[in-house]
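One is the number of the first residue; the rest follow in order along the sequence. Here the structure is a predicted model, which is why all the values come from computation and not from measurement.
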Amino acid sequence: MWRRVTVPHINRIATAVPRHEVHGAFQRFAARLIDDDRTRSAFGRLALKSQIDARFSVLEPDPDEYRTMDGFYELEGRFPSTGARMARFEADAPALAEAACDALGLEGEGPRITHLILATCTGFAAPGLDHWLIRRYGIPGHVERTIVGFMGCQAAINALKLARQAVRSDPSARVLVVNLELCSLHLQPASDLDQLMCFLLFADGCSAALVTAEAEGLRMDGFRAALVPEAREHITWRIGDAGFDMTLSGLVPLTLARALPDHAEAILDGAAPSDISLWAVHPGGRSVLDAVENGLSLPDGLLEDSRAVLREHGNMSSATVMFVLRRMMAGAVPGQRGCAIAFGPGLSAETMRFTAV
């Protein structure tokens, strides 16, 4: 018996960042952590090449040169415990989620939400942000809830994949997808140049998206994961006694540039990279975007939306690719084909093919 296949769409995306711009403050703070002049000078040069102009945090910069981020961090080795960081996440996450959900127009829409998917890798509490969203927006208590946790920067694609499956199973489903990350809560006391450059990338941000069967926005055509097992330790994210510990190898860009051509055909379902005009690539850093551009032989300018998000916001982990998609939706022409790619621990990539409608 013939059955019509439901086609899920990302109808709307809204984003929000905290009010404190901290990129310059962090650079001054990091310079104080470095012991020798040569490393300090190298850090300054690399910071200029990062192509990041602004990053935002829930933590307010402190004018005292020995303290920064409203006293949460101090130069004299007084960095918060994991518990203190989680308490700060629990306290600050709701306001940022509210800003994104209000921008999405969720006020009054809450009672119609059938599924809630929350992705984060920077903070955990139970009952957590999912319960807060249900209370704040009048979402029914029987809503189907899913938490996508600790998957790193690629988690937004996994969350969208789950939303697509929900809509395909129930054409009347209205899925709220929230990605919220407070990366600035995980700064560590370090003087190593590579580690400080890693911290230089990250920032706080939140996205909220509505996924339904309504033919509006971006049609989700398919998903594909790709693993690079030989590089599994290039990106790691582990919970330590004094916060979450990240490893971000400088080999990641080179590894991606070499691996992507082998995976491109499967990721694009047989299409060539030249057939895709919309590329929403997670801006994990300038060198990561350069690696994707070179690995897939993309023409100049196709990653401008990703580069703009990096420049204006830095890397907000899982929320970042949603910022790129939101920016892309504003100028997309119906019929344009697209591919979203985000990377995470493993080393792995999660991808989504889509079409503007």
Side-chain angles (χ1 to χ4, degrees), residues 17-36 39-40 42-44 46-48 50 52-93 95-96 120-125 150 152-153 180-206 235-250 252 283-285 310 313-320 344-345:
V17 296
R19 64 188 180 92
H20 305 300
E21 201 287 303
V22 297
H23 191 55
F26 171 77
Q27 290 181 70
R28 292 189 295 273
F29 181 70
R32 300 282 304 187
L33 292 172
I34 300 172
D35 296 327
D36 65 283
T39 303
R40 190 177 300 112
F43 175 77
L46 291 172
L48 288 174
S50 69
I52 299 173
D53 293 338
R55 291 180 294 137
F56 295 85
S57 171
V58 295
L59 305 172
E60 183 176 7
D62 193 311
D64 187 332
E65 64 179 2
Y66 289 97
R67 297 171 43 161
T68 191
M69 311 302 192
D70 65 17
F72 194 67
Y73 301 117
E74 298 188 20
L75 281 172
E76 301 304 323
R78 296 179 58 189
F79 276 54
S81 66
T82 301
R85 297 174 198 251
M86 293 302 93
R88 191 64 190 257
F89 182 95
E90 192 171 0
D92 287 337
L96 188 56
T120 184
C121 69
T122 52
F124 301 99
F150 226 64
C153 301
L180 190 147
E181 305 288 7
L182 303 185
C183 302
S184 67
L185 299 184
H186 296 287
L187 179 65
Q188 299 289 338
S191 58
D192 177 76
L193 183 59
D194 289 340
Q195 194 67 55
L196 288 173
M197 289 308 300
C198 176
F199 294 145
L200 181 80
L201 294 173
F202 287 96
D204 302 347
C206 180
I235 301 178
T236 64
W237 188 229
R238 296 185 170 98
I239 298 177
D241 294 333
F244 296 178
D245 300 320
M246 166 167 272
T247 298
L248 183 60
S249 170
V252 168
L310 179 67
H313 299 291
N315 181 346
M316 300 163 286
S317 192
S318 73
T320 322

- Query: Any side-chain heavy atom of Val58 sitting closer than 4.5 Å to one from Leu185?
  - Reply: yes
- Task: Evaluate the ring planes of Tyr73 and Phe79, with Trp represented by its six-membered ring, and classify them as parallel (under 30°), tilted (30 to 60°) or perpendicular (over 60°).
- Result: tilted
- Query: Cationic tip of Arg55 within the cone over Phe202's six-membered ring, i.e. under 6.0 Å and within 45° of the normal?
  - Reply: no
- Task: Supply the atom-to-atom distance Leu96 CG to Leu180 CG, rounded to the nearest 0.5 angstrom.
- Result: 5.0 Å
- Item | Side chain to side chain, Thr247 and Ile235, heavy atoms closer than 4.5 Å | no
- Note on the structure: In terms of heavy-atom contacts, Cys121 and Glu181 come closest through N-OE1, 2.9 Å
- Message: So Phe56 and Arg19, do their side chains get closer than 4.5 Å, heavy atoms only?
- Response: no
- Message: Within the 4.5 Å heavy-atom criterion, are Ser317 and Cys183 side-chain neighbours or not?
- Response: yes
- Note on the structure: One should read off an interatomic distance between Asp204 CG and Leu59 CG, to the nearest 0.5 angstrom, of 7.0 Å
- Shortest non-hydrogen separation from Thr120 to Thr122 and the atoms involved: OG1-N, 3.4 Å
- For Leu200 against Ala47, the heavy-atom pair lying closest together: CD2-CA, 3.7 Å
- Message: With a 6.0 Å cut-off (strictly less than), is the heavy-atom count around CG of Asp241, excluding the residue itself, greater than 12?
- Response: no
- Query: Once you round to the nearest 0.5 Å, how far does CG of Leu193 lie from CD1 of Ile34?
  - Reply: 6.5 Å
- Only counting residues at least two apart or in another chain, list the ones meeting ring pair (Phe, Tyr, Trp, His ring centres under 6.0 Å) with Phe244. Phe150, His186, Trp237
- Going from CD on Gln27 to CZ on Arg32, what distance comes out if it is rounded to the nearest 0.5 angstrom? 15.5 Å
- Side-chain contact, heavy-atom cut-off 4.5 Å: Pro283 with Thr320? yes
- Item | Interatomic spacing from CG in Leu46 to CG in Leu48 - rounded to 0.5 Å | 9.0 Å
- Query: Can you check whether Met246 reaches Phe199 side chain to side chain, under 4.5 Å on heavy atoms?
  - Reply: no
- Query: Does Ser184 use its side chain to pair, donor to acceptor, with the backbone of Ala203 at less than 3.5 Å?
  - Reply: no
- Task: Considering non-hydrogen atoms only, spot the tightest contact between Asp245 and Gln188 and give its length.
- Result: OD1-NE2, 3.6 Å
- Task: Please report the closest heavy-atom contact between Glu21 and Ala54, naming both atoms and the distance.
- Result: OE2-CA, 3.3 Å
- Value for NE2 (His20) from OG (Ser57), rounded to nearest 0.5 Å, stands at 7.5 Å
- Over all atoms of both residues, closest heavy-atom pair of Val17 and Met316: CG1-SD, 4.1 Å
